[in-house]
Every structure is written in C-alpha cells, then in structure tokens.
Amino acid sequence: MEQRISLVTLGVADRARARTFYERLGWRGQEVEETVFLQAGGLGLVLWSREKLAADCGVDDPGTDGFGGIALAHNVRSPAEVDQLLAVAADAGATLTRPAAATSYGGYAGVFLDVDGHAWEIAHNPGFPLAEDGTLTLPDFGGQDRPFAGDPQDPRPPRLSR
C-alpha cells in the first residue's frame with residue numbers, strides 16, 4: 001500500500017448545512033449524487049450522509065455527534081493566520097473548543113468543531129514549513145524511515161507485548 005491518503009470522508013447529519021459551513025470558510029466544491037466533494041490540496045474532502053457512510057463501512061452508528069477519535073489539521077504560515085481562521089470558523093457556525101495559544105512545540109494553535117462535531121486544529125508550526133502551494137512535508141526527525149515492527153520487511157523480531 002502506498003503511504004498516502006486520497007480522500008477523507010466526513011459523515012454529516014445535514015449535507016446542505018455542512019456544505020454551507022465549508023463554503024463560509026471559503027471552500028468550493030461539487031455536489032454529485034448527494035455527496036459533496038471538496039479539493040483539499042492533494043486530497044479530497046468528502047461530505048456524505050453519516051448514516052450512509054456507516055452503512056458503507058459496515059458499522060453501526062449510535063448517532064452521537066461529537067469527537068470520534070480523529071482530528072483534522074490545517075497548518076498555516078503565521079500565528080495571525082491562526083487567529084484569523086478561527087474567527088472565520090466561529091462566524092461560519094463552528095464551536096471553538098480550544099482558544100489559540102502557544103504550543104509545547106514552539107507553535108501556535110487552536111481547535112474548533114464544525115457543525116457536525118468534527119475537530120479541526122488550526123496550527124502554525126515553524127517546524128513544519130509549508131510550500132508555496134500549501135503542501136506540508138514532514139521534517140527529518142533524526143529517525144530512520146523503515147517498516148513498522150511486525151512488517152515482513154522489518155529485520156527486527158516482532159514484539160509480543162509492551
């Protein structure tokens with residue numbers, strides 16, 4: 001499997017409300033067969049019925065909105081841009097859950113929930129510079145790129161316990 005993500009699909013309770021929210025953030029997309037597709041750099045962000053998404057994934061959806069164990073991040077070039085985007089999100093109907101503040105990694109970030117409870121972090125991280133087109137390339141953390149433990153190409157023996 002190639003190391004990339006092609007699409008992120010957000011299950012939404014009301015597609016029109018979700019589309020309006022993202023349009024108010026300045027995003028533009030297309031709606032096809034009750035599905036909204038938004039270009040997000042090199043990947044697609046999809047807004048689709050929460051019920052249909054759960055069925056498509058073969059899981060039951062308890063129908064609760066809120067934190068689902070995932071956060072999306074949008075990195076920006078300056079702390080001022082963090083403040084600006086959090087204000088735009090709030091004006092569009094987002095709920096600010098963490099006001100912008102200095103971070104432990106020397107950056108500046110805040111978090112909002114979109115109209116369906118999906119968490120978005122808006123962050124300025126000087127250690128993750130953005131290209132002119134907004135592309136983020138992870139820095140070299142001084143580690144070695146290699147397969148994860150248990151991968152057939154990994155020469156290390158698999159770990160059986162923590």
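Since the structure is predicted, the reported quantities are computational estimates derived from the model, not experimental observations.
Counting heavy atoms from C-beta outward, Y108 and D83 have side chains that approach closer than 4.5 Å. A 4.5 Å side-chain heavy-atom check between D114 and Y22 finds at least one atom pair inside the cut-off.
Between the side chain of D116 and the backbone N or O of A13, at least one donor-acceptor pair lies under 3.5 Å. The backbone N or O of G93 lies less than 3.5 Å from no partner atom in the side chain of R24, so there is not a single donor-acceptor pair.
In this structure, D133 places its CG atom where more than 12 heavy-atom neighbours from other residues, nucleotides or ligands lie under 6.0 Å away. Other residues, nucleotides and ligands contribute over 12 non-hydrogen atoms within 6.0 Å of the CD atom of E23.
Cluster annotation: L53 is not connected to L45 through the hydrophobic network of ILVMFWY side chains, with a link wherever side-chain heavy atoms come within less than 4.5 Å. Linking ILVMFWY residues whenever their side-chain heavy atoms come closer than 4.5 Å, directly or via other members, leaves V8 and V46 in distinct clusters. Both L25 and V82 are assigned to one and the same hydrophobic cluster, defined by single-linkage of ILVMFWY side chains at heavy-atom distances under 4.5 Å. Using a 4.5 Å cut-off between side-chain heavy atoms of Ile, Leu, Val, Met, Phe, Trp and Tyr, with links allowed through other members, Y105 and L136 fall into different hydrophobic clusters. Both I122 and V88 belong to a common hydrophobic cluster when Ile, Leu, Val, Met, Phe, Trp and Tyr are linked at side-chain heavy-atom distances under 4.5 angstrom.
Closest approach of G107 to P126, counting heavy atoms only: CA-CD, 3.8 Å.
Using the six-membered ring where Trp is involved, W120 and W27 have ring planes that are perpendicular, over 60° apart on the 30 and 60° scheme.
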Report all side-chain donor-acceptor pairs from residues 31-43 shorter than 3.5 Å, counting only partners two or more places apart or in another chain.
| unit_1 | atom_1 | unit_2 | atom_2 | d |
| --- | --- | --- | --- | --- |
| E31 | OE1 | R19 | NH1 | 3.0 |
| E31 | OE2 | R15 | NE | 2.6 |
| E31 | OE2 | R15 | NH2 | 3.2 |
| E34 | OE1 | K52 | NZ | 2.3 |
| T35 | OG1 | E33 | O | 3.2 |
| Q39 | NE2 | G41 | O | 2.7 |
| Q39 | NE2 | L43 | O | 3.3 |

Just list the side-chain donor-acceptor pairs under 3.5 Å for residues 73-80, sequence neighbours left out, or say none.
| unit_1 | atom_1 | unit_2 | atom_2 | d |
| --- | --- | --- | --- | --- |
| R77 | NH2 | A131 | O | 2.6 |
| R77 | NH2 | E132 | O | 3.2 |
| S78 | OG | E81 | N | 3.1 |

Table please: side-chain donor-acceptor pairs of residues 94-101 below 3.5 Å, with sequence neighbours left out.
| unit_1 | atom_1 | unit_2 | atom_2 | d |
| --- | --- | --- | --- | --- |
| T97 | OG1 | V111 | O | 3.3 |
| R98 | NH2 | E121 | OE2 | 3.3 |

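Note that the CG atom of L10 and the OG atom of S49 stand 12.5 Å from one another [nearest 0.5 Å].
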